[in-house]
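Start at 1 with the first residue, then count along the sequence.
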Amino acid sequence: MFAYICIYHSVTCYLQISGTEEATLARMVFHCTHGRDDPERAIVPFIAANVAAASGQEAVVLLTVEGAWLCKRGYAETVAADGFPDLAELVTSFVDAGGQIWGCSACTTPRGITEPDLIPGSQIVGAATIVAAVADGAIPVALG
């Protein structure tokens, strides 16, 4: 049994991977559908995604609906919730740990978000990319 601990500010998260000798790494897709409309639900997927990335898992945060705003430069700095870590710092640490951020094209397009608007580590992807990732074994994770 392998256990990873990630401590970010006052939030401690644990990830356990069972196995006899080696942990099998997984690709995980954390779905985030919120931004300023519900800061807690915007922050929690990034907390969990940080734990996955810090423990060596391949992690993607998929931004849809109002969460699509989070791939736009400067937006994460405007989302906060009392008692939660700073979202902009979570986003940066996630990307620094090798995490990927996908903005759903069906959600970014009506919001006027284009490639030049994106934060480092993010890209706009279509439904085919998302479906292919899950078909190839990515584990969808929905929090909140």
I want to check something: taking the side chain as every heavy atom from C-beta on, are [X] and [Y] in contact at a cut-off of under 4.5 Å?
{"X": "T78", "Y": "W69", "answer": "no"}
{"X": "E115", "Y": "D117", "answer": "no"}
{"X": "L62", "Y": "F30", "answer": "no"}
{"X": "I130", "Y": "V125", "answer": "yes"}
{"X": "L63", "Y": "C107", "answer": "no"}
{"X": "H31", "Y": "T64", "answer": "yes"}
{"X": "L70", "Y": "V79", "answer": "yes"}
{"X": "N50", "Y": "E89", "answer": "no"}

Nearest heavy atoms of [X] and [Y], plus distance in Å:
{"X": "T109", "Y": "S105", "result": "OG1-O, 2.7 Å"}
{"X": "R41", "Y": "C32", "result": "O-SG, 4.1 Å"}
{"X": "H34", "Y": "A42", "result": "O-CB, 3.2 Å"}
{"X": "P120", "Y": "V95", "result": "O-CG2, 3.7 Å"}
{"X": "E40", "Y": "A81", "result": "N-CB, 4.3 Å"}
{"X": "A49", "Y": "A59", "result": "O-CB, 4.1 Å"}

[atom2] on [Y] to [atom1] on [X], rounded to 0.5 Å:
{"X": "T114", "Y": "K72", "atom1": "OG1", "atom2": "NZ", "result": "8.5 Å"}
{"X": "S122", "Y": "R73", "atom1": "OG", "atom2": "CZ", "result": "9.0 Å"}
{"X": "Q123", "Y": "C71", "atom1": "CD", "atom2": "SG", "result": "10.5 Å"}
{"X": "T108", "Y": "L118", "atom1": "OG1", "atom2": "CG", "result": "8.0 Å"}

For R36 and E66, what are the C-alpha separation, side-chain angles and deciding distance, and is it a salt bridge (charged side-chain N to carboxylate O under 4.0 Å, His left out)? CA-CA 8 Å; R36 281 192 292 243; E66 288 301 300; over 6 Å; no

Find out if a path of hydrophobic residues (ILVMFWY) with successive side-chain heavy-atom gaps under 4.5 Å connects [X] to [Y].
{"X": "I113", "Y": "V61", "result": "yes"}
{"X": "M28", "Y": "V91", "result": "yes"}
{"X": "V60", "Y": "L87", "result": "no"}
{"X": "I47", "Y": "I119", "result": "yes"}
{"X": "I43", "Y": "L143", "result": "yes"}

Evaluate side-chain contact (heavy atoms from CB on, under 4.5 Å) for I139 paired with R27, printing each intermediate quantity in order. CA-CA 6 Å; I139 302 165; R27 183 177 210 190; over 6 Å; no

Aromatic ring pairing F46/F94, orientation class (parallel under 30°, perpendicular over 60°, tilted between):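 Ring orientation, 0 to 90° scale: perpendicular.
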
V44 vs F84, test: side-chain contact (heavy atoms from CB on, under 4.5 Å). Steps then yes/no. CA-CA 9 Å; V44 169; F84 285 86; 3.9 Å; yes

